[in-house]
Amino acid sequence: MRNIIPILTVVGLLILVWYGAAIALNAQWARDVAARADKTLTFSELVADTWSQEKPKLPAPHQVGAELWETTVMKKVTSKRSLVYHTWVTFSATFLGFVMGTALGTLLAVGIVFNRTMDMSVMPWVIASQTIPILAIAPMIIVVLNAVGLSGLLPKAIISMYLSFFPVVVGMVKGLRSPDQMQLDQMRTWHASGMQTFWKLRLPSSMPYFFTSLKVGVAASLVGAIVGEMPTGAVAGLGARLLAGSYYGQTVQIWSALIMAAALAAVMVGLIGLVQRVTLKRMGMAQ
Amino acid sequence: ADDLTLQLKWVTQAQFAGYYVAKDKGFYEEEGLDVTIKPGGPDIAPVQVLLGGGADVMVDWLPSALAAREKGAPIVNIAQPFAKSGLMLTCLKEHGIESPEDFPGNTLGTWFFGNEIPLMSWMGKLGYATDGSEGGVTIQKINFNVDPLLQKQVECATTMTYNEYWQVIDAGLTPEDLVVFKYEDEGISTLEDGLYTTEENLEDPEMVDKLARFVRASMKGWKYAEENVEEAAEIVLENDQTGAQTEKHQTRMMGEIAKLTKGSDGRLDEAAFDRSAAITMEGGMITKEPEGAWTHDITDKALQ
Amino acid sequence: MIWVLFAIAAWLLGLSVNIWLARQKPSGWASLASPIVFGLTLIAVWEGVVRGFDINQVLLPAPSVIAARFATSLDILWIDFVQTVIKGALSGYIIGCGAAFVIALAIDRFPFLQRGLLPVGNFVAALPIIGMAPIMVMWFGFGWQSKAAIVVVMVFFPMLVNTVQGLQASDAMQRDLMRTYAAGYWRTLLKLRLPAAMPFVFNGLKIGTTLALIGAIVAEFFGSPVLGMGFRISTSVGQLALDLVWAEIVVAAIAGSAFYGIMALIEGRVTFWHPSQRT
Amino acid sequence: MQENQSVISARNLDLTFQTNDGPIHALKDVNLEINKGDFVSFIGPSGCGKTTFLRVMADLEQPTGGEVTINGVSPEEARRARAYGYVFQAAGLYPWRTIGGNIRLPLEIMGIPKAEQAERVKRVLDLVELSGFEKKFPWQLSGGMQQRASIARALSFDADILLMDEPFGALDEIVRDHLNEQLLKLWARTEKTIAFVTHSIPEAVYLSTKIVVMSPRPGRITDVIESPLPRERPLEIRETPEFLEIAHRVREGLRAGHGDD
Amino acid sequence: MQENQSVISARNLDLTFQTNDGPIHALKDVNLEINKGDFVSFIGPSGCGKTTFLRVMADLEQPTGGEVTINGVSPEEARRARAYGYVFQAAGLYPWRTIGGNIRLPLEIMGIPKAEQAERVKRVLDLVELSGFEKKFPWQLSGGMQQRASIARALSFDADILLMDEPFGALDEIVRDHLNEQLLKLWARTEKTIAFVTHSIPEAVYLSTKIVVMSPRPGRITDVIESPLPRERPLEIRETPEFLEIAHRVREGLRAGHGDD
Ligand SMILES: Nc1ncnc2c1ncn2[C@@H]1O[C@H](COP(=O)(O)OP(=O)(O)OP(=O)(O)O)[C@@H](O)[C@H]1O
Ligand SMILES: Nc1ncnc2c1ncn2[C@@H]1O[C@H](COP(=O)(O)OP(=O)(O)OP(=O)(O)O)[C@@H](O)[C@H]1O
Ligand SMILES: Cc1ncc(C[n+]2csc(CCO)c2C)c(N)n1
Ligand SMILES: [Mg+2]
Ligand SMILES: [Mg+2]
């Protein structure tokens with residue numbers, strides 16, 4: 001709870017900057033409107049206007065706040081107009097994709113650490129796969145999956161997995177290789193099998209890397225889920241809200257979806273941080 | 001009932017009201033069809049969905065359909081519910097643009113994905129270069145919204161009569177602040193929102209029968225929507241899963257859409273097709289005159 | 001059918017060559033050959049499948065078609081590469097990683113920020129690119145600057161998290177030693193904590209390379225001048241010129257791998273002492 | 001007990017490390033026979049290759065020349081057969097496991113039943129006088145306690161060969177004497193073969209049946225001293241003239257090795 | 001030289017560690033005066049709190065009771081004034097630096113000019129007999145060599161107080177004798193004050209002016225033995241009756257401490 005004051009301070013500062021930026025970015029429009037009506041604005045009128053436009057370049061915090069209130073608290077959570085509903089849709093895909101991505105990433109890392117063939121031949125292609133712009137092939141993935149009868153949550157989760165497995169691979173390869181020579185030598189003297197070395201030595205030593213990867217991975221998952229919502233017709237989810245908002249120039253709506261997505265990410269990253277602290281503490285690695 | 005999937009070209013909105021009305025009012029059911037409507041979006045190429053087996057019929061614009069056909073996608077127009085084009089170029093009056101003569105030196109924003117073609121051929125006709133050189137115009141790719149126009153990143157922007165134009169108005173500008181050039185009026189319009197299927201489907205008599213029933217029911221939906229603008233908008237709204245559309249906007253859009261579908265019974269107008277194909281070719285999007293890109297078989301059957 | 005058999009044969013051949021390669025003594029030669037063999041295998045299988053199952057090229061063009069297109073479009077590919085990779089991705093990568101590094105140091109230095117900024121950092125840095133892109137275009141215009149801005153946001157978080165974690169990676173005795181020298185914060189940072197953090201920092205830098213590239217390309221989908229890899233990809237998808245799309249993807253893959261490879265090389269130089277580099 | 005059955009045998013052993021600034025010749029032309037039931041101490045100046053030699057026997061280092069056999073087979077096969085227990089020069093406990101957990105580790109790996117594990121952990125903890133610290137983490141122990149924990153770990157599974165690299169270096173005389181006695185008892189009772197690195201001449205003489213003196217750069221064996229002391233050795237034996245005589249000889253050997261340098 | 005000037009003084013020192021399964025009382029009611037120029041050895045069973053006591057003096061651990069002053073000021077201020085050099089029980093070399101680089105580390109931190117750095121590194125490497133290994137990395141050295149490198153590191157900057165935690169534990173007798181002599185010379189020449197943890201009774205007696213015997217759980221001082229030996233000490237002094245007499249007393253003190261257990 002001692003975190004509250006620092007967080008509030010930082011958030012307070014951010015909001016202040018935000019209000020300032022809103023004036024700067026929205027002033028042009030306010031002046032144009034006034035000019036068309038043959039008026040000139042005093043400074044206070046200008047400020048009032050920049051904080052209350054219907055389609056501002058940057059909506060003021062209270063506008064976003066009001067929209068968030070409107071679309072979360074004031075709507076039934078099952079309603080399509082409820083942001084809670086859309087957040088849930090995105091979260092399901094994110095979570096599934098994250099779980100699959102973590103599993104795939106860990107498996108690949110294990111393969112790479114234990115098998116020289118995989119280390120030498122697969123890693124470069126894993127990297128190359130990540131440079132393929134996901135938005136470009138997402139539609140093809142969806143089409144292909146559709147053709148084999150997969151639709152709904154899974155295609156989105158797969159795209160989300162595609163983005164999240166990479167940080168896990170990179171982090172885990174390093175983590176699984178972090179035991180030092182003596183620790184490995186001990187395992188050798190006991191003639192531990194590969195599996196035992198993995199479970200009893202490599203995996204525990206990789207924990208700091210593992211959790212760091214998870215944090216990055218879950219954020220990537222969310223991006224993936226949102227990207228994945230577009231070629232599936234962008235019918236529901238935060239991505240769909242973002243897109244729809246963008247088609248109709250609803251900046252307030254875009255920002256509230258953005259804030260919601262960021263909050264979702266922050267909560268997930270925070271949860272992983274919590275698990276990390278508890279786990280490392282129980283492992284005696286943090287004091 | 002027979003299953004059939006329709007892939008739209010864009011997100012759920014009144015632009016596709018006919019199909020939603022036909023579904024909600026049970027017109028498809030009456031024809032013994034169970035129709036699934038898949039919304040589109042900026043990253044969906046309906047042709048890929050169609051060829052990939054994700055849909056049986058799709059909505060597409062003629063230039064992009066012709067281009068796809070030339071690229072080796074065997075797709076065929078089976079019906080044309082839209083008789084007129086809703087494309088136009090909207091400029092802010094304050095930039096001093098009153099007629100096409102005033103274009104040079106300005107930046108014109110357009111959507112790409114094939115939507116730039118009519119604009120390019122128009123500029124070609126006017127004799128303007130499009131690379132921003134002296135005496136020509138600059139073409140800027142913009143997204144599917146009107147922000148660049150409002151924020152003066154471009155002087156003119158592509159809009160649809162039924163959608164983006166009204167967003168400009170909603171943003172607080174009045175029609176007097178704007179100058180619009182309708183493609184229909186400039187003689188450069190191409191056919192929009194037609195129904196397409198694959199050649200393979202057309203070889204299967206059972207499928208042909210299904211499609212005919214589909215087109216018949218869809219046109220019934222369209223005509224119902226034209227008559228009952230408010231109810232149609234309501235139905236669209238109910239089918240929008242993003243929850244982002246507003247009643248006001250959809251009702252207004254339905255009104256505008258009705259103007260475009262009014263002249264059509266679903267049958268493709270050959271003259272309009274030829275004109276569209278010619279413009280598409282001038283724009284360089286296709287190189288040969290298209291052959292077999294449309295058929296009246298389905299509409300003939302449907303309209304019996 | 002012949003092509004399908006060809007695909008199966010290519011796969012078996014590639015697999016056995018690679019297993020053989022892996023059994024050889026490690027050398028620069030083998031570690032280069034093996035991904036190439038893997039890639040060639042993949043390409044051969046792809047060619048065989050596309051031809052064997054007669055897949056429409058509007059859905060998936062064959063590698064031979066893509067290669068042909070690549071060869072004839074070098075000029076376009078080059079200007080797109082410069083626009084997207086050099087101007088957009090690289091500048092954003094440098095700014096983003098740099099900013100994350102500095103902020104990680106600040107977070108590490110001041111416990112107040114650690115408690116205040118880190119949670120907020122988690123929050124801001126996870127902003128989805130699709131939401132950010134249109135806004136950045138609105139703020140920074142259609143040019144590469146808005147792309148760089150997106151890349152900054154994309155690479156920021158992995159770099160931040162890794163650096164913060166890395167700065168905690170030195171062990172207690174190593175820190176005690178510094179205390180006995182009465183080394184101040186900065187000296188401890190420079191001589192102990194930064195070197196010890198490097199394995200983590202390079203994880204962040206490596207993950208950032210591919211993110212920067214994806215970011216720059218995808219950002220162009222949301223507004224760009226009429227050039228750039230993202231622009232080309234999105235317009236070509238619209239025109240169903242999938243061969244050009246894949247040619248661009250090939251460029252992206254090569255650029256990304258090279259970028260990653262360079263970082264991995266530097267990593268090897270800097271963290272030679274880490275157990276992961278010594279096996 | 002069958003005497004003179006060779007357990008460890010090294011022939012013309014050679015080992016060179018390649019480093020960034022040139023090769024280091026760590027072992028040169030090393031020949032040695034260790035028989036079943038022998039207690040062999042290795043003694044020699046710091047850096048002479050004692051650890052390296054032990055590591056070669058344990059299949060942790062590959063010789064660049066010559067040959068080693070353990071129980072008649074290669075070190076690798078011996079390792080796979082879990083023929084030996086190894087005490088490293090540094091404790092090397094896993095920080096995420098308690099002391100008990102660390103000692104249990106090889107038992108888990110070798111698939112010993114849970115109940116027996118607990119029983120063995122208790123026994124070896126008693127042996128090294130660490131009962132009561134089972135639940136502590138390594139960083140909560142003093143240096144000497146960590147070293148004892150690592151000895152306990154190597155003793156917990158009953159290998160026939162023990163390879164011990166300066167196991168008692170960080171212990172005070174009393175604990176050291178106690179552990180020396182315990183080790184001799186264990187050795188006498190179980191007929192293990194023990195290879196033992198130490199820097200303490202009295203310790204080497206007190207424990208061993210054979211003392212191997214090494215000299216550095218390149219590391220080689222300069223003297224092998226067979227101890228005439230009886231197998232039964234009370235602590236007082238350290239004051240006998242035979243004992244002092246052997247100690248003297250070892251010291252001379254060491255000094256000679258140093259002189260070379 | 002001004003005798004009897006107190007350099008380190010501990011009064012009623014108490015230290016309890018809180019651990020997951022209850023507190024450990026590591027130091028209890030410890031009182032000690034160390035004067036300028038003293039060479040004080042700490043000896044006691046493993047786990048009795050020697051390291052902990054040294055760490056308190058070095059401001060690496062906070063006592064839970066009592067007080068320590070170094071040169072009249074708090075350990076923290078002394079640390080900030082770089083009043084002491086510390087040799088840890090484990091070598092703790094930084095893996096990303098060569099041996100030379102590790103020794104140079106404190107010199108860099110203390111802002112000593114480049115040229116002098118090189119000269120000092122050379123000198124201390126010679127002192128610990130590691131010349132020629134300057135460019136090697138820690139993992140390329142034997143255990144004893146690493147320990148010597150860490151001693152060299154603590155000697156490289158000329159602190160007036162040396163805190164040394166079992167610095168010679170992993171060294172053979174010959175090197176140990178050599179380093180003992182070197183350390184005595186250095187001490188005589190520079191009048192440093194040295195606190196020295198060891199397990200070797202002869203080493204403690206040979207080096208010290210004062211021997212502190214500790215006993216464990218809770219760690220406390222059971223005996224402080226002032227050595228009557230002259231400051232000038234040839235190695236042969238270890239055979240004199242005075243020497244053996246002191247050694248005997250230390251051994252008795254140790255044994256008593258163990259008995260408590
Ligand atoms: N991994 C390595 N790479 C390079 N050189 C090494 C390596 N390990 C050991 N050496 C070198 O080999 C020689 C012998 O080392 P070893 O560890 O066997 O000595 P030791 O006899 O055990 O010494 P100590 O008593 O100090 O532990 C040393 O000179 C050391 O520098
Ligand atoms: N960080 C810690 N947390 C908890 N307990 C500790 C910690 N450090 C030391 N101890 C405990 O304090 C006691 C004294 O430890 P210390 O390291 O001072 O012993 P020592 O006299 O140096 O022993 P040795 O000769 O074995 O190095 C031990 O019982 C040890 O378990
Ligand atoms: C792939 C693709 N996406 C969008 C459009 C253009 N478009 C068709 S309808 C519509 C909505 C207007 O409100 C828009 C933008 C296109 N032609 N091709
Ligand atoms: Mg050794
Ligand atoms: Mg200690």
Side-chain angles (χ1 to χ4, degrees), chain B residues 9 40-54 60-61 63-75 107-117 120 130-132 138-148 150-154 198-200 280 283-286, chain C residues 50-51 53-62 65-66 69 79-80 83-84 129-147 150 214 217-246:
Chain B
K9 187 174 181 55
D43 300 301
I44 299 183
V47 181
Q48 285 189 341
V49 180
L50 190 66
L51 294 183
D60 203 353
W61 288 7
S64 87
L66 290 180
R69 196 177 155 79
E70 201 176 276
K71 287 257 155 46
I75 50 169
T107 301
L108 313 183
T110 178
W111 312 316
F112 271 60
F113 308 109
N115 303 305
E116 75 280 17
I117 298 303
M120 293 291 191
T130 54
D131 54 4
T138 305
I139 300 285
Q140 171 66 55
K141 180 195 163 203
I142 61 171
N143 293 322
F144 297 105
N145 65 40
V146 292
D147 292 342
L150 298 178
Q151 279 142 25
K152 305 194 180 157
Q153 288 171 313
V154 298
T198 61
E199 284 175 3
E200 198 187 334
T280 307
M285 208 160 165
I286 54 173
Chain C
V50 168
R51 291 187 186 266
F53 292 101
D54 202 16
I55 292 175
N56 194 307
Q57 50 152 315
V58 166
L59 290 177
L60 187 66
V65 178
I66 297 169
R69 183 59 185 241
I79 50 174
D80 288 349
Q83 168 76 12
T84 306
I129 180 172
I130 299 89
M132 293 301 291
I135 293 169
M136 292 299 171
V137 170
M138 205 189 288
W139 291 359
F140 296 103
F142 290 109
W144 60 267
Q145 293 85 347
S146 56
K147 265 46 88 189
I150 305 271
I214 304 185
I217 292 173
V218 171
E220 281 177 350
F221 287 23
F222 294 87
S224 67
V226 285
L227 77 170
M229 301 169 72
F231 165 81
R232 198 77 58 199
I233 288 171
S234 65
T235 44
S236 304
V237 167
Q239 297 163 358
L240 294 177
L242 272 276
D243 48 355
L244 187 55
V245 172
W246 281 97

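Values below: every heavy atom of this structure, side chains too, minus hydrogens, waters and symmetry copies. Here is the naming used below: chain letters follow the sequence lines, and residue numbers restart at 1 for every chain.
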Next on the checklist: Please determine whether the number of non-hydrogen atoms from other residues, nucleotides or ligands lying under 6.0 Å from atom CD of E200(B) exceeds 12.
Outcome noted: no

Which atoms of [X] are under 4.5 Å from chain C, going by heavy atoms: the side chain, the backbone, both sets, or neither?
X       : value
E116(B) : side chain
P148(B) : side chain
Q151(B) : side chain

Checklist entry - What's the spacing between K141(B) NZ and F231(C) CZ if we round to 0.5 Å? => result 6.5 Å

Checklist outcome for this item: Turns out that what part of L242(C) lies under 4.5 Å from chain B's heavy atoms comes down to side chain

Item to check | S236(C), part contacting chain B, at a heavy-atom distance under 4.5 Å | outcome: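 Interface part for S236(C): neither.
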
